[in-house]
Each structure stands twice: as C-alpha cells, then as structure tokens.
Peer 1: 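Provided herewith is a single structure, encoded as structure tokens, for subsequent inquiry.
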2 protein chains.
Amino acid sequence: MNVDGGAFVAKQATTDKRQRRERGSINPDDIIKGAFELAEEVGIDNLSMPLLGRHLGVGVTSIYWYFRKKDDLLSAMTDQALRTYVFATPYVAADDWRETLHNHAWTMRKTFMGNPILCDLILIRSALSPKAAQLGVLEVEKSIASLVEAGLSAEDAFETYSAVSVHVRGSVVLQRLYEKNLASADGTGAQLDDRMAIDPESTPLLAKATADGLHRIATTDDANFEYALNCILDHAERLIATGPKSKGSGKTTKSSVRQRNRAAATN
Amino acid sequence: MNVDGGAFVAKQATTDKRQRRERGSINPDDIIKGAFELAEEVGIDNLSMPLLGRHLGVGVTSIYWYFRKKDDLLSAMTDQALRTYVFATPYVAADDWRETLHNHAWTMRKTFMGNPILCDLILIRSALSPKAAQLGVLEVEKSIASLVEAGLSAEDAFETYSAVSVHVRGSVVLQRLYEKNLASADGTGAQLDDRMAIDPESTPLLAKATADGLHRIATTDDANFEYALNCILDHAERLIATGPKSKGSGKTTKSSVRQRNRAAATN
DNA sequence: ACCTGAACACCGTTCAAGT
DNA sequence: ACCTGAACACCGTTCAAGT
C-alpha cells in the first residue's frame with residue numbers, strides 16, 4: 001500500500017516520479033488481469049480506477065484509452081468471469097438424470113460460494129455481453145437435453161432447469177449479500193450481534209428450532225439449499241413417473257388457477 | 001434540480017444564501033422522511049448526503065449531527081422499511097395451511113416487487129437492527145405455528161418455511177438486480193439487446209422453449225416463482241400425508257447422503 | 001445544544017497536451 | 001497511436017467554528 005509515493009518529494013528532477021511508459025507497454029489483457037488481482041485484494045466493490053492505475057504502475061488516464069468507462073472494464077471482467085465459471089461447471093453425466101442435475105446444481109453453488117468475485121460479477125452485476133451469454137446458453141442446453149432424454153417434455157425440462165437455476169443463483173446471492181453486510185458491519189466495529197435474539201416467550205417454535213445453535217432463521221446454508229433442491233427434483237421425478245400424457249402435476253392445478261387470478265387482480 | 005443555487009451570485013449580501021435554521025428545526029424523523037422521498041426519486045443507490053441536505057434545505061453537515069455516518073441513516077431507513085414490510089404482509093389464515101402459506105409467499109413477493117426501495121434496503125442491504133429483526137421474527141412464528149397445527153413436526157415446519165422464505169427473497173433479489181442492470185445499461189445507451197439471441201442450430205431445445213417470445217432463460221418471472229413454490233408446498237403436503245413417524249421424505253435420503261459426502265470432501 | 005461552511009481525501013471522467 | 005498530469009464535479013466525513 002505505497003499510496004504516498006512522491007507526495008512530499010515535490011516535482012524536482014529526482015527521477016523517482018515513475019518513468020513514462022513506452023507505447024505498447026500495456027494492453028487490455030494486462031489491465032483485466034491486474035484488475036482481477038486487485039479485486040482479489042480489495043473486493044469488486046472497492047476496485048477503483050486510481051487504485052488500479054497504481055497497481056499496474058500506470059497513469060490512471062491510460063486505462064481510459066482501452067476502456068472508455070469503468071463500466072466497460074467491469075463488463076470485460078464479467079465476460080472473463082463467465083468463461084471461468086463455465087469451465088468450472090462442465091456438464092457431467094452421472095448414473096441417472098437426477099444425480100446428474102443434483103451434482104450440477106451443487107457444482108454451480110460451490111463454484112460461486114468459493115469465488116466471491118465470480119458471484120459479484122456474474123450474479124450481482126450481471127450485464128453479460130450477448131457473446132458471453134451464448135457461452136452459458138450452450139451449457140444449459142446440455143442439461144435440458146438430458147432431462148428430455150430422461151422422459152420430461154421439453155417444456156417441463158425447461159421449467160425444471162429454470163427452477164434449479166434460480167434456486168442456485170438466488171440462494172448464493174442471498175448468502176453473498178449477507179456476507180458483505182457482515183464484513184462492512186464489523187469493519188466499522190458495529191454490532192457483532194450476529195445471531196439475533198430469539199425470545200422463547202413470544203416465539204416458542206423458533207426458539208426450539210434454533211436452540212441447537214446451528215440453525216438460523218431462514219438462512220441460506222447447505223442444508224436449506226439441499227432441501228428445496230430436492231423438492232424441485234422430486235417434482236420432476238413425479239412428472240416423469242406419470243408420463244408425458246398429463247401436463248402439470250395435477251396437484252398444482254388448483255393453486256395455478258389461484259395464482260392466475262391473483263396476477264389478473266394485480267395487473 | 002436547482003443545483004446551481006447561488007454559485008454565480010458570489011457571497012454578496014444578497015440574502016438568498018439560505019437562512020441559518022433555528023435550533024429545533026430538524027429532527028431524525030424529518031431526515032428519514034426526506035431520505036425516503038429522495039430515494040423515491042433517485043433510487044437508494046444514488047441517495048447521497050449532499051443531495052439529501054439540498055432536498056431538506058439543510059446544510060449537509062447538519063445531518064451528521066443526528067446520523068454519524070451515512071450507514072447509520074440507511075440503517076434507520078431499513079428499520080422503518082421493515083415495519084412497512086411487516087405491515088404489508090400480515091399473517092392471514094385461509095382455508096387450509098397450504099393456501100395460507102401460498103398466499104403469504106405471494107404477498108411477500110408482490111410487496112417487494114412493488115417497492116424497489118424496500119427490496120434494496122431489506123433484501124440487498126440487509127443489516128437490520130436486532131430490535132427490528134425481532135419484528136420479523138414474530139411474523140415468522142405465526143406462519144410456522146400454522147404449519148405445526150396442520151401436522152408438520154416443528155422441524156419440518158421450520159425447514160418448509162425457510163425454503164419458502166429463501167425462495168421468495170432469492171427470486172425477488174435476482175429480479176431486482178436484473179432490473180438495476182437494465183436501468184444502468186440503457187441509461188448509458190448500451191446494448192438494448194435484452195433478449196439474448198438463441199441459435200436454433202446449437203441449442204434447439206432452448207430455441208423451441210423460448211420460441212413463443214414469452215419465456216426467457218432461467219428467468220425469475222411469476223410463472224417460474226409459482227413453479228418452485230409448488231414444489232416446496234407439494235413436499236410439505238407429502239410430509240403431512242405420511243405422518244410424523246418417518247423423518248424426511250424417504251425419496252431424498254439417498255441424495256442427502258450424497259450431499260453429505262460432497263460436503264465432507266470439500267471441507 | 002444544535003447548525004454551519006471550509007476543507008480533506010477519495011472517486012469517475014474529460015481535456016489538452018506530451019511523445 | 002498511445003501515455004500523461006491537471007482539472008472538474010461529485011462523494012463521505014471531519015473540524016473548527018458560529019449562535
């Protein structure tokens with residue numbers, strides 16, 4: 001963190017002011033690489049152009065020659081992040097469709113959970129280039145194809161995969177946002193009152209359920225993730241069992257109508 | 001947007017420099033109220049202290065007398081947002097437990113979807129004070145109690161409610177983040193290429209599923225929300241049907257083991 | 001006890017150069 | 001064609017006053 005470089009040296013001919021770099025000495029790839037290095041240290045949220053200039057040993061404004069706005073740089077980083085993500089979550093066929101999709105969901109989760117920067121760029125900031133998005137689409141197709149092969153209709157396969165995808169991304173994002181808040185809270189020395197107080201008088205059931213000290217309320221931990229994931233997979237399994245003749249599960253028909261009414265009432 | 005007020009008037013005795021306010025002329029509640037008004041106009045992300053000072057007709061630094069950091073102000077706003085949210089999503093018993101929980105989930109979703117500021121403060125920024133959190137906890141207890149009454153064990157009720165809660169919050173947050181990106185993207189005149197191109201050659205199934213122009217890939221729309229919600233409710237219904245003797249659904253036992261192995265391998 | 005402007009260190013971005 | 005510092009308009013926050 002040598003931030004104060006040359007601040008008190010004045011503009012004498014001391015020559016340690018940092019040489020002017022030659023023409024081809026930086027390129028977009030170097031900048032992106034340096035940006036990831038810096039993000040690893042300070043986090044995406046604290047990644048700034050002046051900081052990046054310092055990290056690269058480059059005048060801040062030089063970066064603007066290659067990326068006209070910080071947003072453009074972040075987009076380029078997001079595209080690369082997606083390539084990393086797709087590489088880390090290949091489609092791997094297991095014994096059956098259910099295990100395959102189950103594993104895939106967990107691989108996606110683990111990849112994001114183990115790499116906050118991926119999470120911040122791909123899930124929270126989004127904004128993929130169409131070209132990069134195409135990459136992700138290819139992956140999705142393979143997963144859906146395996147569901148169709150297992151006996152789901154194309155539409156059911158699409159819905160099932162979408163549900164799993166939203167579940168993975170949603171729970172990861174909630175967890176990530178929670179982490180961020182914790183970080184900024186204890187950074188400022190605020191309340192370390194992580195586990196919120198459950199009063200057994202007013203909320204006996206919650207007190208009982210959280211008594212083990214393990215469970216937290218409506219948390220996004222692995223067990224919770226697995227639970228809802230299996231709900232979705234169970235549903236798909238029943239769709240396959242009943243065969244392609246009946247559309248929908250039958251069970252959900254009544255509530256689908258209910259939902260439609262509700263949506264109509266709101267619009 | 002009278003930003004340039006008095007910039008070129010110089011510090012003459014023109015008296016329009018804004019009078020010094022008297023002692024008790026502002027209080028925390030006014031500031032919070034003004035902050036919400038301003039947030040409604042410019043969004044939580046663009047809410048700044050100087051902007052708020054101008055909006056209130058108050059010197060910026062005056063705000064700091066009542067809120068030592070911007071973060072403190074946002075926390076106070078979040079607490080109030082939670083009260084608004086709890087008021088908007090009361091526990092309402094319907095014909096049966098399933099309809100009750102189904103309605104409750106939809107009410108939560110609609111409340112957040114219809115109020116981005118609530119979403120930004122409560123879901124994305126989080127950081128509730130323990131006191132405010134207590135408010136939410138009371139609501140949760142009632143929902144879980146109704147599930148227990150319907151025949152679920154305390155633990156199953158807790159897990160079911162957690163799954164629903166994560167589902168609601170996760171899908172709302174994904175949707176909100178998506179909106180934010182769209183807003184900042186077309187603000188800068190970037191690609192309006194909203195619907196990403198699906199190539200029927202490489203991804204025939206996706207092309208077919210999205211051919212109607214309605215479906216988008218792994219989106220977080222109402223239909224998708226309803227789908228996974230019913231998966232969770234179906235699961236709970238089966239738990240009730242099989243009675244309290246057998247823990248878990250039986251179906252999920254194998255995959256639970258699988259998951260445990262996976263978790264052990266990673267840690 | 002409350003309200004205030006000046007000032008500081010940061011940020012993203014533009015401009016008018018330098019080579 | 002590329003690299004640069006000075007400068008601008010913003011931001012959050014602190015300080016040393018004013019009343």
Side-chain angles (χ1 to χ4, degrees), chain A residues 1 3-12 15-31 34-35 38-39 42-75 184 187-189, chain B residues 1-12 15-31 34-35 38 42-75 184 187-189:
Chain A
M1 289 261 191
V3 177
D4 49 12
F8 55 91
V9 186
K11 46 187 72 174
Q12 315 288 26
T15 69
D16 67 340
K17 241 208 138 195
R18 201 189 72 236
Q19 313 298 341
R20 184 187 182 92
R21 315 219 4 178
E22 19 171 359
R23 279 271 208 86
S25 60
I26 42 173
N27 57 63
D29 287 341
D30 288 345
I31 294 173
L38 186 54
V42 303
I44 284 288
D45 294 340
N46 296 319
L47 182 66
S48 81
M49 299 302 264
L51 233 45
L52 179 54
R54 234 125 58 197
H55 179 77
L56 291 167
V58 160
V60 204
T61 43
S62 302
I63 303 169
Y64 282 89
W65 178 261
Y66 297 97
F67 300 95
R68 293 181 55 196
K69 297 173 308 180
K70 184 188 180 184
D71 214 57
D72 292 349
L73 173 59
L74 286 173
S75 293
S184 64
T188 53
Chain B
M1 285 260 194
N2 52 344
V3 176
D4 50 13
F8 56 90
V9 187
K11 45 187 72 174
Q12 315 288 27
T15 69
D16 67 339
K17 243 209 135 194
R18 204 191 68 238
Q19 313 296 343
R20 184 188 183 92
R21 313 217 9 176
E22 18 172 0
R23 278 271 208 86
S25 59
I26 41 172
N27 58 61
D29 286 342
D30 288 345
I31 294 172
L38 187 55
V42 302
I44 283 288
D45 294 341
N46 296 320
L47 181 66
S48 81
M49 299 302 265
L51 234 45
L52 180 55
R54 232 124 58 194
H55 179 77
L56 291 168
V58 159
V60 206
T61 42
S62 302
I63 304 169
Y64 282 90
W65 178 261
Y66 297 97
F67 300 96
R68 293 181 54 197
K69 299 171 308 181
K70 184 188 180 184
D71 213 59
D72 292 348
L73 173 59
L74 287 173
S75 293
S184 63
T188 53

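By convention in this document, chain letters (A, B, ...) are assigned in the order of the sequence lines, proteins followed by strands, and residues within each chain are numbered from 1.
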Peer 1: For DNA chain D, just give me the dot-bracket, please: Watson-Crick or G-U, both distances below 3.5 Å, ( ) intra-strand, [ ] crossing earlier pairs, | paired with another strand, . unpaired.
Peer 2: ||.|||||...|||||.||
Peer 1: Could you tell me whether B:Leu47 contacts a base, only the sugar-phosphate backbone, or nothing, with contacts defined as non-hydrogen atoms closer than 4.0 Å?
Peer 2: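 Sugar-phosphate only.
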Peer 1: Starting from P on C:dG5, measure out to CD on B:Gln19 and report it in whole angstrom.
Peer 2: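 Checked: the CD to P distance equals 11 Å.
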Peer 1: Can you name the nearest heavy-atom pair linking B:Leu47 to B:Ala35, along with the distance?
Peer 2: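 Smallest heavy-atom distance, with atoms named: CD1-O, 3.9 Å.
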Peer 1: Excluding sequence neighbours, so at least two apart, what forms side chain to side chain contact (heavy atoms under 4.5 Å, CB included) with A:Leu56?
Peer 2: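 For A:Leu56 the side chain to side chain contact (heavy atoms under 4.5 Å, CB included) partners, ignoring immediate neighbours, are A:Ile31, A:Leu52, A:Val58.
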Peer 1: Could you state the CG-P distance from B:Asp71 to D:dG12, rounded to the nearest angstrom?
Peer 2: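 Spelled out: CG on B:Asp71 to P on D:dG12 is 11 Å.
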Peer 1: If I compare all heavy atoms of A:Gly53 with all of A:Ile63, which pair ends up nearest, and what's the gap?
Peer 2: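 So the minimum-distance heavy-atom pair works out to N-CD1, 3.7 Å.
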Peer 1: Which part of the nucleic acid does A:Arg21 contact within heavy-atom distance under 4.0 Å: base, sugar-phosphate only, or nothing?
Peer 2: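 Sugar-phosphate: the residue A:Arg21, judged by heavy atoms under 4.0 Å, touches backbone atoms but no base.
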Peer 1: Atom CD of B:Glu22 and atom P of C:dT4: how far apart are they, to the nearest Å?
Peer 2: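 The distance from CD of B:Glu22 to P of C:dT4 comes to 11 Å, rounded to the nearest Å.
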Peer 1: For B:Arg20 and for B:Met49, find the nucleotide of DNA chain D with the closest heavy atom, then tell me which residue's nucleotide is more 5'.
Peer 2: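 It is B:Met49, whose closest nucleotide lies nearer the 5' terminus.
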Peer 1: Do any of residues 60-67 of chain A sit with a heavy atom less than 4.0 Å from DNA chain C, and if so which?
Peer 2: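 Contacting residues: A:Thr61, A:Tyr64.
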Peer 1: Side chains of B:Leu38 and B:Val42, heavy atoms from C-beta outward: is any pair under 4.5 Å?
Peer 2: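 The answer is yes, as the side chains (C-beta and beyond) meet within the 4.5 Å cut-off.
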Peer 1: Run the side chain to side chain contact (heavy atoms under 4.5 Å, CB included) test against B:Asp30 and tell me which residues pass, sequence neighbours left out.
Peer 2: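 Residues passing side chain to side chain contact (heavy atoms under 4.5 Å, CB included) with B:Asp30: B:Asn27.
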Peer 1: Contact between B:Trp65 and B:Ile26 at the side-chain level, heavy atoms closer than 4.5 Å - yes or no?
Peer 2: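 Sidechains of B:Ile26 and B:Trp65: no contact.
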Peer 1: Figure out the NZ/P separation between B:Lys70 and D:dG12, and round it to whole Å.
Peer 2: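 Roughly 4 Å, once rounded to whole Å.
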Peer 1: For C:dC2, take OP1 and OP2 only and decide whether either is under 4.0 Å from a side-chain N or O of B:Ser25.
Peer 2: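 False: B:Ser25 side-chain N/O out of range (4.0 Å or more) of C:dC2 OP1/OP2.
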Peer 1: Let me know the distance between CG of A:Leu52 and P of C:dG12, rounded to the nearest Å.
Peer 2: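 Roughly 10 Å, once rounded to whole Å.
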Peer 1: Can you name the salt bridge (Lys or Arg N to Asp or Glu O under 4.0 Å) partners of A:Asp29, sequence neighbours left out?
Peer 2: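 So A:Asp29 forms no salt bridge (Lys or Arg N to Asp or Glu O under 4.0 Å) with any residue.
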Peer 1: Give the rounded distance in Å between these two atoms: CZ of A:Arg68 and C1' of C:dG12.
Peer 2: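 It works out to 14 Å between those atoms.
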Peer 1: Which heavy atom in B:Glu22 sits nearest to a heavy atom in B:Ser25, and how many Å separate them?
Peer 2: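 The answer is O-OG, 2.8 Å.
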Peer 1: Report the residues that fulfil side chain to side chain contact (heavy atoms under 4.5 Å, CB included) with B:Thr61, sequence neighbours left out, ordered by chain and then residue number.
Peer 2: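 Result, side chain to side chain contact (heavy atoms under 4.5 Å, CB included) vs B:Thr61: none returned.
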